[in-house]
Amino acid sequence: MRLFAAVLPPAPALRELAAEVALLKELPAADRLRWTGPDGWHFTLAFYGEVPDDTVPELQERLARAARRRDPYELWLSGGGRFSDRVVWAGADGDRPAMRRLADAATAAARRAGVAMADEHRPYTPHLTLARNRVPSVRLAPYATALKDFTGSPWTVGSLSLMRSHLPRPGAAGSHPRYEEIASWPLAGRVPS
C-alpha cells in the first residue's frame, strides 16, 4: 500500500480555502493548471511510499502511540506560495512547532516499524497542494501573490491520520490521485510511562 501520515483540515477550513481557490481559478492561465479539490486537501506529515501489508499493523501501533503522546494544537490555513513553477500551495500558521513535532513523530514511528524511508534533511514546512503545473510557459508567481494575505479561521488539530494514496489510472486524462483515510488516532497529550 502507498501510505502517508497526515493532518486533515476540518470541513469549515476546507470551505474557506475552496472560496479562495475559486478566486485563483479566475487568474490568467488557471485553466492550464491541474487543480486539486477539497477531497484531496491534506497536510502530509510523513510520506512512507509503498509499505508491505505485513508492516502496516506495526506502523499503525506506533502511530497510535505517537498520537497519544502529542497534545492537540491550534492551526489555521494561511498564505501560500509555490515550488518553483511546478506547484501552488496553501500554508499554515498557528502552532507550527507542534505540527513539526507531530511530523517528526510520524517519521520516527515508521522507521521503528521498519518502513524504509528516504533520508530527507530539509526542515518540515506544512503546505497543502492546490495545483500542479506541467506547462513551462505558465508562471505561478501571480497565484502565490494572490494567496499572500489569505487567512482562514483557527481550528484544533486533534488527530493524526494514516492515509492511503490510490494513483490515477495511467493514460486517464485529467484523473487525480484518490486518498483514503485508513486509520486515525486522537492526539491525547503525554501518557505516563
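Excluded from the calculations below are hydrogen atoms, water molecules and symmetry mates; all remaining heavy atoms, backbone and side chain alike, are included.
The shortest distance between side-chain heavy atoms of F4 and R164 does not fall below 4.5 Å. Contact check for L8 versus W41: no side-chain heavy atoms found under the 4.5 Å cut-off. Contact of the D95 side chain with the M99 side chain is not registered, since no non-hydrogen atoms from C-beta on lie closer than 4.5 Å. Contact check for T156 versus L75: no side-chain heavy atoms found under the 4.5 Å cut-off. When side chains are defined from C-beta on, R32 counts as touching S137, because their heavy atoms get closer than 4.5 Å. At a threshold of 4.5 Å between non-hydrogen side-chain atoms, the residues L59 and L162 count as touching. Within the 4.5 Å cutoff, the side chain of T44 has no heavy atoms near those of the L128 side chain.
Clustering ILVMFWY residues whenever any of their side-chain heavy atoms sit less than 4.5 angstrom apart, transitively, puts M163 in a cluster other than the one holding L63. Linking Ile, Leu, Val, Met, Phe, Trp and Tyr residues whenever their side-chain heavy atoms come within less than 4.5 Å leaves F47 and V7 in two separate clusters. Residues V135 and V87 fall into different hydrophobic clusters, defined by Ile, Leu, Val, Met, Phe, Trp and Tyr side chains chained together at heavy-atom separations under 4.5 Å. Linking Ile, Leu, Val, Met, Phe, Trp and Tyr residues whenever their side-chain heavy atoms come within less than 4.5 Å leaves L14 and W89 in two separate clusters.
R86 CZ to L140 CG: the interatomic distance, rounded to the nearest 0.5 Å, is 10.0 Å. Residue E180 holds its CD atom at 14.5 Å from CZ of R2, rounded to the nearest 0.5 Å. Here L130 contributes atom CG and L33 contributes atom CG; the two are 10.5 Å apart, rounded to the nearest 0.5 Å. Taken to the nearest 0.5 Å, the CZ atom of R112 stands 11.0 Å off from the CD atom of E58. Between L77 atom CG and F150 atom CZ the span is 5.5 Å, to the nearest 0.5 Å. Rounding to the nearest 0.5 Å gives a distance of 7.5 Å between OG1 of T151 and CG of D149.
For Y73, there are no ring-ring contact (aromatic ring centres under 6.0 Å, His included) partners two or more places apart in sequence or in a different chain. Scored by the salt bridge (charged side-chain N to carboxylate O under 4.0 Å, His left out) test, R101 finds no partners at all (sequence neighbours excluded).
Of all the heavy atoms in P136 and R139, the pair that sits closest is O-NH1, 2.6 Å. Closest heavy-atom contact between A30 and Y143: N-OH, 3.0 Å. The shortest heavy-atom contact between A5 and A106 is CB-CB, 3.8 Å. Heavy-atom minimum distance, N133 versus V138: ND2-O, 2.9 Å. The two residues L45 and L160 come nearest to each other via the heavy atoms CD1-CD1, 3.3 Å. Contact record, W185 with A67: CB-CB, 3.7 Å, taken as the closest heavy-atom pair.
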Chi angles and distances behind the side chain to side chain contact (heavy atoms under 4.5 Å, CB included) call for S165, R178: CA-CA 6 Å; S165 175; R178 186 175 56 83; over 6 Å; no
R96 and D93: CA distance, side-chain angles, deciding distance, salt bridge (Lys or Arg N to Asp or Glu O under 4.0 Å) verdict: CA-CA 6 Å; R96 289 171 52 118; D93 210 344; 5.3 Å; no
ring-ring contact (aromatic ring centres under 6.0 Å, His included) assessment of H42 paired with Y179: CA-CA 9 Å; H42 60 270; Y179 305 110; 4.8 Å; yes
Verdict with reasoning, M1 to D53, per side chain to side chain contact (heavy atoms under 4.5 Å, CB included): CA-CA 7 Å; M1 286 190 272; D53 289 348; 3.8 Å; yes
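With no hydrogens or angles considered, a side-chain donor-acceptor pair links E181 and S161 at under 3.5 Å. For the residue pair W76 and S153, no side-chain donor N or O sits within less than 3.5 Å of a side-chain acceptor on the partner.
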Just list the side-chain donor-acceptor pairs under 3.5 Å for residues 17-27, sequence neighbours left out, or say none.
none

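Here the side chain of R132 pairs no donor or acceptor atom with the backbone of T129 at under 3.5 angstrom. When atom types are taken as modelled, the side chain of T55 and the backbone of V51 share no donor-acceptor pair closer than 3.5 angstrom.
Taking the six-membered ring for Trp and the full ring otherwise, F43 and H127 have centroids separated by 6.0 Å or more.
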